[in-house]
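By convention in this document, chain letters (A, B, ...) are assigned in the order of the sequence lines, proteins followed by strands, and residues within each chain are numbered from 1.
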Amino acid sequence: MSTVVAELNGLPSSELEDRLAALGGPERTAARPSLPSTPEFADLPGASPGKVVLRLAPFPSGTLHIGHGRMLFINQLYRERYSGRILLVFDDTIGSEEKRVETEFFDLILGDCEAAGVHPDAVFYKSDRVPNFYPWAERVIAKGAAYVCRCPAELLRENRAHGVACPERAQNPGEAMDEWNKMLGNSYAVGEAVLRLKTDLQDPDPAFRDRVLFRLSDLDHPRVGTRYRVWPMLEFSWAVDDIELGITHVLRGKDLVMEDRMQRYIWDLLGIHGPSFVHWGILRVREAKVAKSKSYREIKSGEFDGWSDPRTWSLRSLDRRGITNDAVRAFILSFGMSLADVEVPAETLYAENRKRIDASTVRRAFVADPVRVEVDAWPEDLASVSLPNHPDRAELGTRVAPAGPVFHLARRDLEPRLGSEIRLKDLANIQLPAALPSAGGTLAARFTSRANQRIPRLQWVGAEGALPVDVLGIEGEHTPGLGEATLASARPGEVFQFERVGFVRVEKDWTGGSAPLRVVFGHP
RNA sequence: GCUCCCGUAGUCUAGUCCGGUCAAGGAUUCCGCGCCUUCGACGCGGUAACGUGGGUUCGAAUCCCGCCGGGAGCACCA
């Protein structure tokens, strides 16, 4: 028996299946069709084509970063599925001392949406709508479901944690209305009074107990100045606007789930049927550790190179790096609608982008930290050479690049090969001397042969016409180096692969002379 | 601490609603090989997972319960 087992185990599975079939066994198993690999986006509850209205609600205190992409692309996906509408509603209520509204972001954010292919059907500003919220507050007060609380913030918080009611909670609707009018009428200083919703102080979720609906603020709003002192909190403003703007579905991050409950509570109170809510978990790119507020400081101080500095991981910084919107969208949608929080390495995004650009991106030579190498006995006919633009795609053509006898090679490549023969990639072989020249000096090498040999192949840049190139890296660092002469005609926005370095995107035309060609590193 | 949510390979994800077709699919990482891009682009190949304990069932990644682990919320921010 064991010999039979041993024999059968040694056979390929196809042979086994043939034998089995011959014995009257089950038929060969067909090759298993591969399962779908893209996440499912479930249909929206109660959604019908042409009737879906969605909203994007960014707070204008920065440009959109990769985390906002999830909001952007998921909303867009459903808008496309249902031929729906998307409203861009700037959530520019007064914010706080730490979280200020700034005018410049309105256009910047709209630009981010457009660049992502999300063209809003209409744009609204919460700050224009403040007076709309007051009558709604009065409806809630009239229901006896709100009161003006005069506890200091700290006491309020503590009482909430312990389920303790403050004396004002006993206000009847008339008293509450009087107090509310005092709030509106400047009778209270900032921080002295708030309008609170009456929920249940024993609610199991401490976060839900008697939330604040309106508060006072003297901050100067960039659009409406100090016209209003009484500002709604996010939940209340949305309880109103989701109705007034006819929103059918609210798709947002799970950090806002408690706000759903608030909105529903208010709607139930008023006998209104509101939109449904859908959430997703937090998406973090491992490398994008920079907090939004942190990059804000650095941009304002000039330490960062504006809102598209690679360190911000803003959507516009990805574009600057030559990462296509298409790749960003596919990357983000690959996480589906999961409520689980995901932390994903940027490499996954890079792979997505590579898939799209590798086959059509031409190769160029660049060496960082170059050492000048002069080759003795260099053949005259190798003064220039025709090189393929892409190793695997002949249809991308060739370019003619200046070659010897003088080259630049990367110090890092040279150091471990001193004293040995190396091959200048796609060109010829040379013998390296045993030691590096002193700083700024020239390395004297000697031509050996042109036959392709299996020896280390090094990247080179012909000295003639070589131009200075500055590579802006992901950490904001600058890597100076030399690029091959053909780079002189590079156009802004053009993407190249610097061989063995990675994909880069050109910032501006080269101005000639010693000013470097500026490129931004995308990814390996 | 309280509330809610989530656990499939190193990472992300398909499958879970409606148990068998899943000896678990894809992507990425990693490893090996190939290549006139060296560790680095590209091509080929390989390793690698149902958190845990119980229950239901002929049969559980899928249903039920406990445990463990992780995250978010608990602002007069959004």
Subject >> Identified pairing partner of G45(B), criterion: Watson-Crick or G-U wobble below 3.5 Å >> reply: C31(B)
**OP:** Check every strand shown and say whether Arg393(A) touches a base, only sugar-phosphate, or nothing at a heavy-atom separation below 4.0 Å.
**Re:** nothing
**OP:** Using the P atom on both, measure C64(B) against U16(B) and round to a whole Å.
**Re:** 14 Å
Subject >> Paired nucleotide for C67(B) [Watson-Crick or G-U wobble; both distances under 3.5 Å] >> reply: G51(B)
Original post:
Within the pair Arg160(A) and C76(B), is there a side-chain N or O less than 4.0 Å away from OP1 or OP2?
Top reply: yes
Subject >> Polar side-chain contact Arg211(A)-G73(B) base: donor and acceptor under 3.5 Å >> reply: no
Original post:
Which base, if any, makes a Watson-Crick or G-U wobble pair with U57(B), both distances under 3.5 Å?
Top reply: none
Original post:
Hey, are Glu347(A) and Arg354(A) close enough for a salt bridge, meaning a charged N less than 4.0 Å from a carboxylate O?
Top reply: yes
Original post:
Got a salt bridge between Asp426(A) and Arg457(A), using NZ or NE/NH1/NH2 to carboxylate O under 4.0 Å?
Top reply: no
**OP:** Can you sort out the partners of Gln453(A) under side chain to side chain donor-acceptor pair (under 3.5 Å), two or more places apart, ordered by chain and number?
**Re:** Ser449(A)
Subject >> With Lys355(A) via side-chain contact (heavy atoms from CB on, under 4.5 Å) - residues at least two apart >> reply: Glu352(A)
**OP:** Both distances under 3.5 Å, Watson-Crick or G-U wobble: report the partner of C39(B), or none.
**Re:** none
Original post:
Taking only residues two or more places apart in sequence, or in another chain, which ones meet His221(A) in a ring-ring contact (aromatic ring centres under 6.0 Å, His included)?
Top reply: Trp231(A)
Subject >> Euclidean distance for C1', C30(B) against A49(B) (whole angstrom) >> reply: 15 Å
Which protein N or O atoms sit under 3.5 Å from an N or O of nucleotides 35-37 of chain B?
unit_1, atom_1, unit_2, atom_2, d
C35(B), OP2, Arg454(A), NH1, 3.4
C35(B), OP2, Arg454(A), NH2, 3.4
C36(B), O4', Arg457(A), NE, 3.0
C36(B), O4', Arg457(A), NH1, 3.3
C36(B), O2', Asp426(A), OD1, 2.8
C36(B), O2, Asp426(A), N, 2.0
C36(B), O2, Asp426(A), OD1, 3.4
C36(B), N3, Arg423(A), NE, 3.0
C36(B), N3, Arg423(A), NH2, 2.7
C36(B), N3, Asp426(A), N, 3.4
C36(B), N4, Arg423(A), NH2, 2.3
U37(B), O2, Arg500(A), N, 2.7
U37(B), N3, Gln497(A), OE1, 3.0
U37(B), O4, Arg363(A), NE, 2.7
U37(B), O4, Arg363(A), NH2, 3.1
U37(B), O4, Gln497(A), OE1, 3.4

Original post:
Are Lys126(A) and Asp91(A) within salt-bridge range, i.e. N to O under 4.0 Å?
Top reply: yes
Subject >> Span that lies between the C1' atom of G26(B) and that of C18(B), in whole angstrom >> reply: 24 Å
Original post:
Looking at residues 191-203 of chain A, who's got a heavy atom less than 4.0 Å off RNA chain B?
Top reply: Gly191(A), Val194(A)
Original post:
Given that both distances must come in under 3.5 Å, which nucleotide forms a Watson-Crick or G-U wobble pair with G73(B)?
Top reply: C2(B)
**OP:** Any salt bridge (charged side-chain N to carboxylate O under 4.0 Å, His left out) involving residues 447-456 of chain A? Give me the pairs, sequence neighbours left out, ordered by first then second residue.
**Re:** Asp381(A)-Arg450(A)
**OP:** Give the nucleotide from the list U11(B), C5(B), A75(B) with an atom nearest to the side chain of Arg286(A).
**Re:** U11(B)
Original post:
Is there a Watson-Crick or G-U wobble partner for U21(B) with both distances under 3.5 Å, and if so, which one is it?
Top reply: none
**OP:** Report which part of the nucleic acid Pro456(A) touches: base, sugar-phosphate, or nothing (heavy-atom distance under 4.0 Å, all strands).
**Re:** nothing
Original post:
What nucleic acid atoms does Arg252(A) come within less than 4.0 Å of, heavy atoms only: base, sugar-phosphate, or nothing?
Top reply: nothing
Subject >> Length of the line joining Trp280(A):CH2 and C6(B):P, which is rounded to integer Å >> reply: 16 Å
Original post:
Checking salt bridge (charged side-chain N to carboxylate O under 4.0 Å, His left out) against Glu235(A), which of Arg264(A), Arg211(A), Arg261(A) comes through?
Top reply: Arg211(A)
Original post:
Could you state the CE-C1' distance from Met258(A) to A78(B), rounded to the nearest angstrom?
Top reply: 12 Å
Original post:
Between A72(B), G73(B), U3(B), which nucleotide has the shortest distance from any of its atoms to the side chain of Arg284(A)?
Top reply: A72(B)
Subject >> Pairing residues for Trp180(A) by the ring-ring contact (aromatic ring centres under 6.0 Å, His included) criterion, not counting sequence neighbours >> reply: Tyr134(A), Phe214(A)
Subject >> Rounded distance in Å - CG (Asp205(A)) to P (C4(B)) >> reply: 7 Å
Subject >> By side chain to side chain donor-acceptor pair (under 3.5 Å) - contacts of Asn159(A) (at least two apart) >> reply: none
Original post:
Under a 4.0 Å N-O cut-off, is there an ion pair linking Arg150(A) with Glu179(A)?
Top reply: no
Original post:
What pairs with Thr199(A) under side-chain contact (heavy atoms from CB on, under 4.5 Å), at least two apart in sequence or on another chain?
Top reply: Leu197(A), Phe208(A), Asp210(A), Tyr265(A)
Short heteroatom pairs, N/O only, protein and nucleotides 43-48 of chain B, under 3.5 Å:
none

Subject >> Comparing Arg70(A) and Pro152(A) on RNA chain B - which has the more 5′ nearest nucleotide >> reply: Arg70(A)
**OP:** Give one of base, sugar-phosphate or nothing for Thr93(A), where a contact means two heavy atoms less than 4.0 Å apart.
**Re:** sugar-phosphate
**OP:** Grab the CZ-C1' distance between Arg157(A) and C2(B) for me, whole Å please.
**Re:** 17 Å
Subject >> Separation between the P atoms of G66(B) and C2(B), rounded to whole Å >> reply: 16 Å
**OP:** Determine, for Arg412(A) against Glu415(A), whether the closest basic-nitrogen to carboxylate-oxygen distance falls under 4.0 angstrom.
**Re:** no
Original post:
The side chain of Ala153(A) lies closest to which of these nucleotides: C76(B), C12(B), A78(B)?
Top reply: C76(B)
Subject >> Listed partners of Trp136(A) passing side chain to side chain donor-acceptor pair (under 3.5 Å), at least two apart >> reply: Glu244(A)
Subject >> Between P of C76(B) and CG of Leu219(A), the distance in whole Å >> reply: 15 Å
Original post:
Distance between the C1' atoms of U21(B) and U47(B), in whole angstroms?
Top reply: 27 Å
Subject >> Nearest-nucleotide pick for Pro206(A), side chain only, options being A72(B), A75(B), U3(B) >> reply: U3(B)
Subject >> Side-chain ion pair, Lys425(A) and Glu499(A), N-O less than 4.0 Å >> reply: yes
Subject >> Ionic contact status for Arg252(A) with Asp260(A), cut-off 4.0 Å >> reply: yes
**OP:** Could you check whether Leu339(A) gets within reach of a base, just the sugar-phosphate, or nothing at all, counting any heavy atom under 4.0 Å?
**Re:** sugar-phosphate
**OP:** Could you check whether Pro416(A) gets within reach of a base, just the sugar-phosphate, or nothing at all, counting any heavy atom under 4.0 Å?
**Re:** nothing
What nitrogen or oxygen pairs link the protein and nucleotides 28-33 of chain B at under 3.5 Å?
unit_1, atom_1, unit_2, atom_2, d
U29(B), OP1, Glu347(A), OE2, 3.0

